[in-house]
Amino acid sequence: MTKIISILNEKGGVGKTTTTSSLGSILASRGFKVVMLDLDPQADLTLACKKADEATNIYDILFETKKVTGVNVNPNLVLIPGSSKMAATKFKTKIQDEYSLMHPITVLRSVFKSLLVRDDIHFVLIDCPPNLDLVVQNALAMSTHVLIPVVAHSFDVNGAWSIVCALNCKYS
């Protein structure tokens with residue numbers, strides 16, 4: 001079964017993108033098939049992979065083509081590029097317009113359903129923005145695991161704690 005890992009923290013600058021990129025590269029180098037999904041509107045994971053202008057991005061997949069496509073970073077690693085259009089307010093409005101009959105936190109899972117049942121993909125790593133908005137809620141709804149990177153600093157621990165509290169309230 002594919003492991004779907006959301007990498008998130010409500011605090012910015014704790015290494016979410018670096019963790020996603022490094023973990024994806026390490027897993028791919030060990031022979032695992034990995035898909036990295038850049039949900040952060042800053043699209044730094046996309047820039048780090050030097051694939052900014054090469055493919056259909058996550059916004060296009062959700063609201064234009066509705067067909068999952070990615071960019072091969074190497075033989076075992078695929079990137080689904082990010083987009084600045086994934087900002088929270090724009091995303092929520094588009095979800096209401098395009099997917100009005102669907103529960104708003106299940107849209108990502110529904111669109112990526114075909115990807116998640118494939119036997120040849122071992123990991124999907126989701127680089128999330130630093131918040132708990134609808135984009136992140138969609139990531140959590142399709143995840144089997146959550147990874148919360150922190151720096152040994154009280155503000156970062158507070159960000160991690162708020163996620164744990166939110167998960168206990170919403171998903172238990």
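What you see below is based on every heavy atom in this structure, not just the backbone, and it leaves out hydrogens, waters and symmetry mates. This is a predicted model, so every value here is computed, not measured. When a residue number appears, it is its place in the shown sequence, counting from 1.
Remark: the backbone N or O of N74 is not paired with any side-chain donor or acceptor of N72 at under 3.5 angstrom. With H122 contributing its side chain and K33 its backbone, the two residues share a donor-acceptor pair below 3.5 Å. Between the side chain of T144 and the backbone N or O of I4 there is at least one donor-acceptor pair closer than 3.5 Å. No side-chain donor-acceptor contact under 3.5 Å links K113 to the backbone of L108. Using modelled atom types, one side-chain atom of S6 and one backbone atom of A139 make a donor-acceptor pair closer than 3.5 Å. Using a distance-only test at 3.5 Å, with no hydrogens or angles considered, no donor-acceptor pair links the side chain of S25 to the main chain of S22. Between the side chain of S29 and the backbone N or O of I26 there is at least one donor-acceptor pair closer than 3.5 Å.
For the residue pair T17 and D44, no side-chain donor N or O sits within less than 3.5 Å of a side-chain acceptor on the partner. Inspection of the T46 and D38 side chains reveals an N or O donor paired with an N or O acceptor under 3.5 Å.
Note: L79 CG to N57 CG = 10.0 Å, rounded to the nearest 0.5 Å. Of the inter-residue distances, the one linking D127 atom CG with I80 atom CD1 reads 12.5 Å to the nearest 0.5 angstrom. To the nearest 0.5 angstrom, T20 atom OG1 is 9.5 Å from L37 atom CG. The distance from the CD atom of E64 to the NZ atom of K85 is 6.5 Å, given to the nearest 0.5 Å. One distance of note links NZ of K3 with CZ of F32; it measures 8.5 Å at 0.5 Å rounding. In this structure, CD on E10 lies 12.0 Å from SG on C128, to the nearest 0.5 angstrom.
With contacts defined as side-chain heavy-atom distances shorter than 4.5 Å, the pair I61/K67 does not qualify. Between V135 and P41 there is no side-chain heavy-atom pair separated by less than 4.5 Å.
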